[in-house]
Amino acid sequence: MLLKTVLMLALVAQVLVLENGLLRKPPMGWLAWERFRCNIDCDEDPKNCISEQLFMEMADRLAQDGWRDLGYVYLNIDDCWIGGRDAKGNLVPDRKRFPHGIAFLADYAHSLGLKLGIYEDLGNFTCMGYPGTTLDKVVQDAQTFAEWRVDMLKLDGCYSSPNERAEGYPKMAAALNATGRPIAFSCSWPAYEGGLPPKVNYTLLADICNLWRNFDDIQDSWRSVLSILDWFVIHQDVLQPVAGPGHWNDPDMLLIGNFGLSFEQARAQMALWTVLAAPLFMSTDLRTISAQDIDILQNPLMIKINQDPLGIQGRRILREKSHVEVYLRPLASEASAIVFFSRRTDMPYHYHSSLARLNFSSSMVYEAQDVYTGDIISGLQDKTNFTVIINPSGVVMWYLYPIRKLGIPQQ
């Protein structure tokens, strides 16, 4: 009996070690991969290669152009930064492209009120062929990241086996916490196991990872956005309940500001990722981004909804024959975010509905604010008919909140 008690306490202690208390709201920031990939040719393309200079310039933009103050605080390095390992087996950055080292870059980010994220892979190699973190290097690499004052680790899963991942991801979570430095943990584990039970244990995952990639990498195209959205919707009964403060489903980066999305599609991705309570990691060139795209990404009401303290992931609640879909996310103070999304490609569509059809209470009077236009729609009751005009591949998004109960006069 005593032995059973000791074993049980040891198990409880292990679980407590894995819970780091970080990312109570979806993280926001900038990530290099989608826009800058593995461009390491700093002789031919010095402004856009994966280098210390690139990350410092993006840090400057995050701090000076309003991003940081809205919550975009993570500056995240992805693959292709590693130069190798030194004589003691410690990771070192590419000395030509990161001449001052990663700790210097972390200090620079911190001096601007930002946080630095870094990338590794739980395997012999990273996805682009750089030295990976094998099982025997997990503790050592965690200590290295802590010594460099890193704030987030994304751990990929290329060149690893299911057994190595099953051992390595919990081991890295415990190793990061054992350093004593708060390091948020982004896991790619479920994406390599098909993203679904029984191969993916989301109860365990929520204990060891702050966010996780479930599905394919996003590419700079509307088709890619839709494929990810479709997968999340098809499996929403599995995915929606496991998301929440400290542990988020990650549908991958925002494409806004790049080359593959139209204006309407960019607004749609931002709204849909927000209703899914997704991390908001931009991956664009903040030095050249257009004012139009800044307006989408810096929309204060959108960010308020994304960062809602309840942390409830939204769901698709209606799919119409007209190719219009309705998504709903419950928010604090009995508010809701509603996204009316058109998959049509022909012309703007007049979508007619009522709050009763969306299962809202018959005892309340509501007000809605259009998240993009700022327009206010007052006096909405459950049977009030309304019409929204949705552009092709576009959205209308409402922030809906109760203003009084029926029968109670306005003050």
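Here the structure is a predicted model, which is why all the values come from computation and not from measurement.
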For [Y], does its backbone N or O pair with a side-chain atom of [X] as donor and acceptor, under 3.5 Å?
X: Gln236; Y: Arg316; answer: yes
X: Ser361; Y: Ser363; answer: yes
X: Asp94; Y: Ile82; answer: no
X: Asp86; Y: Val92; answer: no
X: Gln269; Y: Leu255; answer: yes
X: Arg97; Y: Arg95; answer: no
X: Asn39; Y: Asp41; answer: yes
X: Ser188; Y: Gly157; answer: no
X: Arg329; Y: Thr274; answer: yes
X: Asp220; Y: Asn258; answer: no

Regarding [X] and [Y], does a basic nitrogen lie under 4.0 Å from an acidic carboxylate oxygen?
X: Asp237; Y: Arg315; answer: yes
X: Arg61; Y: Asp65; answer: yes
X: Lys47; Y: Asp285; answer: no
X: Asp230; Y: Arg343; answer: yes
X: Arg37; Y: Asp78; answer: no

Can you tell me how far [atom2] of [Y] sits from [atom1] of [X], rounded to the nearest 0.5 angstrom?
X: His247; Y: Asn249; atom1: NE2; atom2: CG; value: 10.0 Å
X: Leu153; Y: Ile183; atom1: CG; atom2: CD1; value: 7.5 Å
X: Asn76; Y: Lys115; atom1: CG; atom2: NZ; value: 11.5 Å
X: Ile256; Y: Leu280; atom1: CD1; atom2: CG; value: 8.5 Å
X: Met28; Y: Met282; atom1: CE; atom2: CE; value: 7.5 Å
X: Cys187; Y: Leu122; atom1: SG; atom2: CG; value: 9.5 Å

Closest non-hydrogen atom pair between [X] and [Y], with its separation:
X: Pro251; Y: Pro279; answer: CD-CD, 4.3 Å
X: Phe232; Y: Asp250; answer: CZ-C, 4.2 Å
X: Leu62; Y: Leu75; answer: CD1-CD1, 4.1 Å
X: Lys171; Y: Val139; answer: CE-CG2, 4.3 Å
X: Glu193; Y: Pro162; answer: OE2-CA, 3.9 Å
X: Ile77; Y: Leu105; answer: CD1-CD2, 3.9 Å

Any side-chain donor paired with an acceptor under 3.5 Å for [X] and [Y]?
X: Asp151; Y: Tyr74; result: no
X: Glu320; Y: Tyr351; result: yes
X: Gln143; Y: Thr179; result: no
X: Thr134; Y: Asp136; result: yes
X: Glu57; Y: Gln53; result: yes

Is the [atom1] atom of [X] crowded by more than 12 outside heavy atoms at less than 6.0 Å?
X: Lys137; atom1: NZ; value: yes
X: Arg319; atom1: CZ; value: no
X: His323; atom1: NE2; value: no

Are [X] and [Y] close enough that some pair of their side-chain heavy atoms sits under 4.5 Å apart?
X: Asp252; Y: Trp273; value: no
X: Leu31; Y: Tyr119; value: no
X: Trp231; Y: Asn214; value: yes
X: Met364; Y: Tyr401; value: no
X: Thr384; Y: Leu355; value: no
X: Asp79; Y: Cys38; value: no
X: Leu211; Y: Leu23; value: yes
X: Ile102; Y: Ile118; value: yes

According to the interplanar angle, ranging from 0 to 90°, do the rings of Phe36 and Trp30 count as parallel (below 30°), tilted (30 to 60°) or perpendicular (above 60°)?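 The arrangement is tilted - the two ring planes meet at 30° to 60°.
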What class does the angle between the rings of Tyr169 and Trp189 fall in, given that below 30° is parallel, 30 to 60° is tilted and above 60° is perpendicular?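 It falls in the parallel class, under 30°.
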Using the disulfide (SG to SG under 2.5 Å) rule, collect all pairs that involve residues 210-314, keeping only residues at least two apart or in two chains.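 Passing the test, one end in residues 210-314: no pairs.
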Verdict with supporting geometry, Asn124 and Glu164, side chain to side chain contact (heavy atoms under 4.5 Å, CB included): CA-CA 11 Å; Asn124 292 318; Glu164 287 169 334; 5.7 Å; no
After noting the C-alpha distance and the side-chain angles of Phe55 and Tyr108, does the key distance pass the side chain to side chain contact (heavy atoms under 4.5 Å, CB included) rule? CA-CA 10 Å; Phe55 288 96; Tyr108 188 77; over 6 Å; no
So among Glu147, Arg85, Gln140, which one has a side chain to side chain donor-acceptor pair (under 3.5 Å) with Asn90?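 Among Glu147, Arg85, Gln140, the one meeting side chain to side chain donor-acceptor pair (under 3.5 Å) with Asn90 is Gln140.
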Please identify which of these residues, Ile338, Asp370, Ile305, meets the side-chain contact (heavy atoms from CB on, under 4.5 Å) condition with Met397.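 Passing option: Ile305.
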Step by step, would you call Ile40 with Lys96 a side chain to side chain contact (heavy atoms under 4.5 Å, CB included)? CA-CA 10 Å; Ile40 58 172; Lys96 181 179 179 182; over 6 Å; no
Listing request: all salt bridge (Lys or Arg N to Asp or Glu O under 4.0 Å) pairs with a residue in residues 267-284, at least two apart in sequence or in separate chains.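 Counting only pairs at least two positions apart or across chains, no salt bridge (Lys or Arg N to Asp or Glu O under 4.0 Å) contact touches residues 267-284.
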Pick one: which of Tyr372, Phe386, Tyr366 meets ring-ring contact (aromatic ring centres under 6.0 Å, His included) with Trp398?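 Single pass found, and it is Phe386.
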Side chain to side chain contact (heavy atoms under 4.5 Å, CB included), that's the test. Do Ile317 and Asn359 meet it? Break it down for me. CA-CA 10 Å; Ile317 59 170; Asn359 296 317; 5.9 Å; no
